[in-house]
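Residues: numbered from 1 along the sequence shown.
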Amino acid sequence: MSVDRHLAEIAREYPKWTIWRSDAGRWWATRHHPLDAAQRDAGCAMTIDADDPDGLRDQLRDQEERTGRQPRWWAGPAPP
């Protein structure tokens with residue numbers, strides 16, 4: 001799959017994040033809005049990075065779970 005297609009799919013899955021790939025080949029995401037105190041306390045990050053698209057999705061999933069939110073595609077049960 002092309003880089004552009006991966007970028008578009010991840011951006012669609014995580015609309016509250018800006019997704020990009022650096023010239024060095026790393027995959028990045030940064031939130032559209034600043035973190036609040038509860039998000040910081042939960043260990044959320046403003047910007048994350050990974051080696052590849054799957055790694056970035058893993059990081060994004062972790063960030064969403066930390067705030068109790070699930071990405072739009074999530075069909076599983078809500079966290080306890």
Side-chain angles (χ1 to χ4, degrees):
M1 184 181 307
S2 74
V3 169
D4 290 339
R5 187 160 178 183
H6 277 297
L7 289 170
E9 284 184 359
I10 297 170
R12 211 171 17 257
E13 293 167 14
Y14 295 92
K16 295 181 180 182
W17 295 79
T18 298
I19 312 299
W20 76 97
R21 186 170 180 246
S22 71
D23 291 341
R26 299 244 352 126
W27 291 76
W28 294 83
T30 193
R31 295 176 188 272
H32 291 176
H33 302 289
L35 295 170
D36 61 29
Q39 289 170 318
R40 286 190 302 274
D41 290 346
C44 293
M46 190 68 194
T47 302
I48 56 176
D49 67 311
D51 293 330
D52 54 42
D54 290 334
L56 187 61
R57 279 188 173 100
D58 289 344
Q59 294 277 342
L60 287 161
R61 190 175 307 113
D62 175 67
Q63 289 293 304
E64 295 294 309
E65 289 171 358
R66 288 175 184 274
T67 61
R69 297 185 200 128
Q70 300 299 331
R72 293 200 299 196
W73 57 265
W74 179 259

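- Formation of a donor-acceptor pair under 3.5 Å by the Arg66 side chain with backbone atoms of Ala42 is found in this model.
- Put simply, the side chain of Arg61 does not reach to within 4.5 Å of the side chain of Glu13, judged on heavy atoms.
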message: Before you tell me yes or no, could you show the steps for Ile19 and Leu60 under side-chain contact (heavy atoms from CB on, under 4.5 Å), namely the whole-Å CA-CA distance, both residues' side-chain angles and the distance that decides it to 0.1 Å?
response: CA-CA 10 Å; Ile19 312 299; Leu60 287 161; 4.1 Å; yes

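- Although no hydrogens or angles enter the test, the distance criterion places a donor-acceptor pair under 3.5 Å between the side chain of Arg40 and the main chain of Leu35.
- Distance check: Ile10 CD1 to Thr18 OG1 gives 13.0 Å after rounding to the nearest 0.5 Å.
- Classification of Arg5 and Glu9 as a salt-bridged pair holds, one side-chain N sitting under 4.0 Å from a carboxylate O.
- Contact annotation: the side chain of Gln63 approaches that of Arg31 to within less than 4.5 Å [non-hydrogen atoms, C-beta and beyond].
- For the side-chain contact (heavy atoms from CB on, under 4.5 Å) test, residues two or more places apart in sequence or in another chain that qualify with Asp52 are Asp54.
- Taking each heavy atom of Gly55 and Ala50 in turn, the nearest pair found is C-CB, 3.4 Å.
- Counted within 6.0 Å of NE2 on His32, heavy atoms from surrounding residues, nucleotides or ligands total more than 12; the atom is thus considered enclosed.
- In the hydrophobic clustering of this structure, Trp28 does not group with Trp17; members are Ile, Leu, Val, Met, Phe, Trp, Tyr whose side-chain heavy atoms approach within less than 4.5 Å, directly or through other members.
- By the salt bridge (charged side-chain N to carboxylate O under 4.0 Å, His left out) test, Asp51 is found to be paired with Arg26, residues two or more places apart in sequence or in another chain being considered.
- Under the 4.5 Å side-chain heavy-atom criterion for Ile, Leu, Val, Met, Phe, Trp and Tyr, Met46 and Trp27 are members of distinct hydrophobic clusters.
- Between the side chain of Gln39 and the backbone N or O of Asp36 there is at least one donor-acceptor pair closer than 3.5 Å.
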